[in-house]
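Right, one structure below, let's go through it.
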Amino acid sequence: MKTANKKVTAERLVRDALEKAKHFSDYNIFTFINEEGAILRAREIDAKIANGEKVGRLAGVPYALKDNFLSPDGETTASAHILGGFTSPVTATAVEKLEAEGAIMIGRTNLDAFAHGSSTENSYYGPTLNAFDRKRVAGGSSGGSAVAVALDIVEFTTGTDTGGSIRQPASFNGIYGFKPTYGTISRYGVVAMASSLDCIGFFTKTPEDMDLLMEITAGRDPKDLTTLPDYYNSIDRDSLGAACPSDTLRAALAKSSCSAEHIAPSESHRIGIIKDFDNESVDKEIRDALLKKCEMLKEKGCEIVELEMLSLKYALPAYYIIQPAEVASNLSRYDGVRYGFRSEKSADLDSLYNNTRNEGFMPENKRRIMIGNFVLSSGFYDAYFLKAAKARTLIIREYEKAFSKCDFILTPVSPSPAFRLGEKVNDPVAMYLEDVMSVSLNLAGIPGLTIPAGKTTEGLPIGLQLVGPRRSDKNLIKFSKELI
Ligand code: GLN
């Protein structure tokens with residue numbers, strides 16, 4: 001990461017990033033540009049550097065925030081009309097940690113409203129365009145964050161991933177996108193979508209940058225009681241778990257300080273590929289890219305293990321029951337009284353709620369609220385929500401079993417490369433099918449990293465997903481270098 005120093009000032013870095021953001025304004029990447037705030041902050045950091053004071057690991061590094069991270073800089077809208085005009089009094093823990101290391105937020109990035117979607121076309125502000133083909137979608141929901149990194153406006157951006165919202169846009173734009181183990185980074189101060197699935201993560205151009213951002217942001221937060229103790233920076237024997245193949249190695253790790261430097265060389269790794277994914281539904285060029293990477297790993301001494309994971313066929317239906325159920329609960333707080341937009345038409349309290357929600361939510365938000373309330377209703381709870389919860393348990397167990405046979409799993413991120421703008425936006429089921437390979441990780445709480453894996457003949461990026469057991473995050477990022 002290019003940090004500021006006496007020769008290259010933070011102000012220079014920030015001004016360059018702002019300039020690039022302007023240059024690419026046609027892509028509709030940003031919902032807010034923090035020009036004044038970023039320059040002021042850069043000057044503070046430059047003054048520290050000039051005085052020889054200690055600066056952080058991200059001193060002067062410009063970055064952008066997905067617009068569902070709360071901070072008092074600019075409105076936080078989650079690209080939803082109903083949050084228009086809302087300025088947060090609090091700052092997300094992840095943002096605090098990044099800024100404590102000297103990172104400078106130059107803007108907020110576009111997303112599908114409330115992170116509901118796979119293309120950024122559900123944003124109140126209109127879609128973000130793909131970095132490689134402006135007639136195609138950026139992916140979603142974190143489309144703006146992915147394109148900001150792909151076009152080199154900033155070196156990193158934040159994202160949230162509830163069912164693929166980091167991994168899929170990263171894959172559509174040819175960069176790295178990481179969804180950590182559930183609970184690794186605090187969700188405090190991030191607009192909630194589905195609380196048992198939401199994860200905070202990043203977009204970068206290299207695994208090294210991803211590792212640094214994880215080191216900075218991972219850890220327990222008293223403001224989010226679902227956060228894990230900081231295993232990322234102090235890997236213990238258990239946390240390495242299945243990611244370390246041999247017993248000898250485990251014993252060595254147990255004795256050593258267990259730093260990631262002691263991880264096995266690639267030749268001892270076993271990489272799983274899932275044989276029962278419906279291969280025919282995956283684009284041929286993506287399948288070929290996967291096979292090519294497997295060959296590459298074999299040459300490096302890895303063993304390729306075929307996995308049968310029958311319960312994964314239930315992942316998408318289970319996700320599209322559990323997720324809307326949690327969405328319905330989380331979005332009930334937007335009523336026109338406490339946050340952002342309030343409909344002017346309202347004569348009494350009931351019509352204020354109705355009109356605000358009717359005018360303020362996007363159609364996809366409303367669809368999820370309705371599905372969520374339906375599957376939670378007393379007549380249908382057993383038939384839908386309870387069944388989905390059981391399927392989730394099966395999926396968790398199946399992954400545990402898989403990781404007793406291999407160290408990591410390599411899969412496509414999505415069935416196709418970036419699709420055309422408008423192609424799926426009016427067909428919710430087609431859009432949901434985009435998530436068929438990404439949602440099972442959120443249901444199981446396990447980490448997944450999108451790695452760039454070449455391009456299609458049309459020049460569109462292909463991404464593959466490296467999946468690991470819970471808390472294998474550090475090893476997984478490290479191992480991804482074998483796939484470059
Ligand atoms: N595309 C998925 C959905 O619409 C995932 C969204 C996300 O991860 N925020 O639910």
Side-chain angles (χ1 to χ4, degrees), residues 1-4 9-25 27-49 55-79 83 86-111 115 125 128 142-160 166 177 185-191 200-205 209-210 212-214 216-217:
M1 209 96 56
K2 212 194 286 162
T3 50
T9 61
E11 185 165 345
R12 181 73 270 140
L13 295 177
V14 162
R15 284 193 186 276
D16 284 352
L18 290 168
E19 197 55 47
K20 284 188 233 159
K22 244 178 242 156
H23 177 77
F24 288 116
S25 59
Y27 284 78
N28 197 26
I29 297 166
F30 293 96
T31 56
F32 165 70
I33 297 278
N34 189 27
E35 183 152 3
E36 240 176 79
I39 291 172
L40 280 178
R41 179 97 178 96
R43 287 183 182 153
E44 279 168 27
I45 290 175
D46 286 333
K48 276 192 180 174
I49 295 174
V55 285
R57 286 175 281 177
L58 299 174
V61 177
Y63 79 106
L65 266 186
K66 185 177 180 180
D67 193 22
N68 56 355
F69 283 72
L70 302 185
S71 89
D73 298 310
E75 291 173 12
T76 305
T77 70
S79 293
L83 270 174
F86 172 68
T87 305
S88 169
V90 303
T91 303
T93 300
V95 175
E96 270 176 358
K97 287 185 171 184
L98 294 169
E99 303 212 340
E101 293 285 348
I104 301 176
M105 193 270 268
I106 63 137
R108 296 176 161 278
T109 61
N110 197 18
L111 62 144
Y125 305 109
T128 296
S142 319
S145 278
V147 177
V149 171
L151 293 177
D152 286 320
I153 295 172
V154 285
E155 282 188 276
F156 81 92
T157 50
T158 66
T160 55
I166 291 178
I185 301 174
S186 170
R187 290 179 294 117
Y188 176 76
V190 178
V191 176
I200 310 303
F202 303 99
F203 294 89
T204 64
K205 282 228 157 146
D209 286 351
M210 194 65 81
L212 175 64
L213 296 169
M214 289 303 298
I216 290 169
T217 50

Return the minimal non-hydrogen interatomic distance between [X] and [Y], and the atom names on each side.
X      : Y      : value
Phe30  : Ala148 : CZ-CB, 4.4 Å
Thr76  : Ser88  : OG1-CB, 4.3 Å
Thr158 : Ser145 : O-OG, 2.7 Å
Ala10  : Gly60  : CB-CA, 3.7 Å
Phe69  : Ala92  : CD2-CB, 4.3 Å
Ile185 : Ala94  : CG2-CB, 4.1 Å

| request: For side chain to side chain donor-acceptor pair (under 3.5 Å), just list the numbers for Thr128 and Asn110, CA-CA rounded to whole Å, side-chain angles, deciding distance to a tenth of an Å, and then say yes or no. | output: CA-CA 7 Å; Thr128 296; Asn110 197 18; 3.1 Å; yes
To the nearest 0.5 angstrom, please state how far the [atom1] atom of [X] sits from the [atom2] atom of [Y].
X      : Y      : atom1 : atom2 : answer
Leu70  : Glu75  : CG    : CD    : 12.5 Å
Tyr63  : Ile104 : OH    : CD1   : 9.5 Å
Ile216 : Leu98  : CD1   : CG    : 6.5 Å
Leu213 : Met1   : CG    : CE    : 4.0 Å
Met214 : Ile200 : CE    : CD1   : 10.5 Å
Glu11  : Leu18  : CD    : CG    : 10.0 Å

| said: Between Thr93 and Thr217, is the side chain to side chain contact (heavy atoms under 4.5 Å, CB included) condition met? List the steps. | reply: CA-CA 8 Å; Thr93 300; Thr217 50; over 6 Å; no
N/O donor-acceptor pair under 3.5 Å between [X] side chain and [Y] backbone:
X      : Y      : result
Thr91  : Ser71  : no
Asp67  : Thr77  : yes
Glu101 : Ala59  : no
Arg41  : Ile106 : no
Asn34  : Met105 : yes

Hey, is [X] close enough to [Y] for a salt bridge, meaning N to O under 4.0 Å?
X      : Y      : result
Asp209 : Lys205 : no
Glu19  : Arg15  : no
Arg108 : Asp73  : no

| task | Verify whether one side chain among Ser142 and Lys66 offers a donor that lies under 3.5 Å from an acceptor in the other. | result | yes
| task | Look at the aromatic rings of Phe156 and Phe202 and report parallel, tilted or perpendicular, splitting at 30° and 60°. | result | perpendicular
| task | Decide yes or no on side chain to side chain donor-acceptor pair (under 3.5 Å) for Tyr188 and Glu96, but give the supporting numbers first. | result | CA-CA 11 Å; Tyr188 176 76; Glu96 270 176 358; over 6 Å; no
| request: For Asn68, enumerate each residue passing the side-chain hydrogen bond (donor to acceptor under 3.5 Å, both in side chains) test, keeping only those at least two apart in sequence or located in another chain. | output: Thr160
| field | Under the ring pair (Phe, Tyr, Trp, His ring centres under 6.0 Å) test, residues paired with Phe86 that sit two or more places apart | value | Tyr339
| query | Is the shortest heavy-atom distance from the side chain of Val61 to the side chain of Lys2 under 4.5 Å? | reply | no
| request: Could you give me the CA-CA distance, side-chain angles and deciding distance for Asp16 and Lys20, then say whether salt bridge (Lys or Arg N to Asp or Glu O under 4.0 Å) is met? | output: CA-CA 6 Å; Asp16 284 352; Lys20 284 188 233 159; over 6 Å; no
